[in-house]
Amino acid sequence: MNSVATTPTVTSSTQNPKQQQQRQTAKEIIAANLKSLIEQLEAGHSDALTAYLDAMSRFHNYSFGNILEIARQRPSASRVAGMYAWNQLGRRVKKGEKGIRILAPIIGIKRKSDEEAEKDITKQNTSVLVGFRNAYVFDVEQTEGVELPTMREIYGDVGENHNRLLSFIERQGIELVFTEKIAPALGMSYGGRIAILPGQSKSETFATLVHELAHELLMHSTRRTTTTTTVRETEAEAIAFVVGKAVGLEAGTASADYIALYHGNASLLIESLEVIQQTSAVILAALESSLAAETMPDAELARVA
């Protein structure tokens, strides 16, 4: 997709935030970003939410908190990487450019006692998350140098992503049928079975499939509180928006419709955005792994931070 896979690199001390910011936890940073988003929505600035949904489509390999950070600091970012990664690609960060701060996990080693280690010599130690550090990435527009390989854009045509999506649905054990009986609905989800109205264009069929697949995946979510039909439908449409945007489809009205979810309920907004990000990441990871002709492992719903 659009983001460069890399381990973010910490920049020089001149780019580090104040000590108080450095002590912020991942939850505090997420809360601060969501507060800012809510304030903008209350002020009628729906483009802030559109920017966040766009960021989801471009950076689905990043955590919920880091997507918020990228969208807040540089809404126009399309392809980010650490300074070292850009250097490896023959590009340099332009003088005076400010890095986009994200959180990188600090992984430590938990050593087993001698007695435990003797029981299983193949597993002496385990990796554990011990905290986070500030790291910085830069958008491609902040760099200069060797031209990057042209990335294939689809522009309204889902291409092979249609077949990859069908393969993923089949691997989930979900039955797929095309039937006129569901008209005027474009698609229906029945819990283990998806019905699609035939006669739609390939891009419309793809978007409808993602929408109904989202319903199927969300049915099995154990993190949800009770939701209304409106919330579930709008979340599924937002997921279709994110996935469709990632594969090159024109954006629909999902981001505008999604604002109806808010109505002053901050906890609902936070929970819903995170569910959309996680579910979109699962579907996009499946499309990417099919592209690489690899068997998709159990998708990691979300990273910490």
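Positions are given from 1 along the sequence.
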Subject >> Side-chain touch Val158/Lys202, heavy atoms, less than 4.5 angstrom >> reply: yes
Original post:
Quick one: are Arg74 and Glu141 in side-chain contact, heavy atoms under 4.5 Å?
Top reply: yes
Subject >> Validation row: His162, Leu166 side chains within 4.5 angstrom (heavy atoms) >> reply: yes
Subject >> side-chain contact (heavy atoms from CB on, under 4.5 Å) evaluation trace for Met83 with Tyr136 >> reply: CA-CA 8 Å; Met83 186 180 292; Tyr136 293 84; over 6 Å; no
Original post:
Atom CG in Leu37, atom OH in Tyr52: separation rounded to 0.5 Å?
Top reply: 8.5 Å
**OP:** Could you tell me whether Asp54 and Lys245 make a salt bridge, using a distance below 4.0 angstrom between a side-chain N and a carboxylate O?
**Re:** yes
Subject >> Interatomic distance, Ile29 atom CD1 to Leu103 atom CG [nearest 0.5 angstrom] >> reply: 4.0 Å
Original post:
What pairs meet the side-chain hydrogen bond (donor to acceptor under 3.5 Å, both in side chains) rule with one or both residues in residues 206-217, with sequence neighbours excluded?
Top reply: Ser189-Glu216, Gln200-Thr208, His211-His215, His211-Glu233, His211-Glu237, His215-Glu233
**OP:** Output the distance between atom NZ (Lys181) and atom CG (Leu197), rounded to the nearest 0.5 Å.
**Re:** 13.5 Å
Subject >> Closest non-hydrogen atom pair, Ile182 against Thr179 >> reply: CG1-O, 3.6 Å
Subject >> side-chain contact (heavy atoms from CB on, under 4.5 Å) evaluation trace for Val242 with Val210 >> reply: CA-CA 10 Å; Val242 171; Val210 174; over 6 Å; no
Subject >> Spacing of Ile102 atom CD1 and Asn134 atom CG [to the nearest 0.5 Å] >> reply: 10.0 Å
**OP:** Taking the side chain as every heavy atom from C-beta outward, state whether Ile67 and Gln277 have any pair of such atoms under 4.5 Å apart.
**Re:** yes
Original post:
Is there a side-chain contact between Ser57 and Val243 (heavy atoms, below 4.5 Å)?
Top reply: no
Subject >> Minimum side-chain heavy-atom gap Val247-Leu249 below 4.5 Å >> reply: yes
**OP:** Using a 4.5 Å cut-off on heavy atoms from C-beta on, say whether the side chain of Glu144 contacts that of Lys94.
**Re:** yes
Original post:
Is there side-chain contact between Val80 and Phe59, with heavy atoms separated by less than 4.5 Å?
Top reply: yes
**OP:** Would you give the length of the straight line joining atom CZ of Arg101 to atom CG of Asn66, rounded to the nearest 0.5 angstrom?
**Re:** 9.5 Å
**OP:** Establish, for the pair Arg193 and Tyr190, whether the NZ or CZ atom is under 6.0 angstrom from the six-membered ring centre and no further than 45 degrees off its axis.
**Re:** yes
Subject >> Distance (rounded to the nearest 0.5 Å) between Asp139 CG and Ser76 OG >> reply: 6.0 Å
Subject >> Atom CD of Glu175 with >12 non-hydrogen neighbours under 6.0 angstrom >> reply: yes
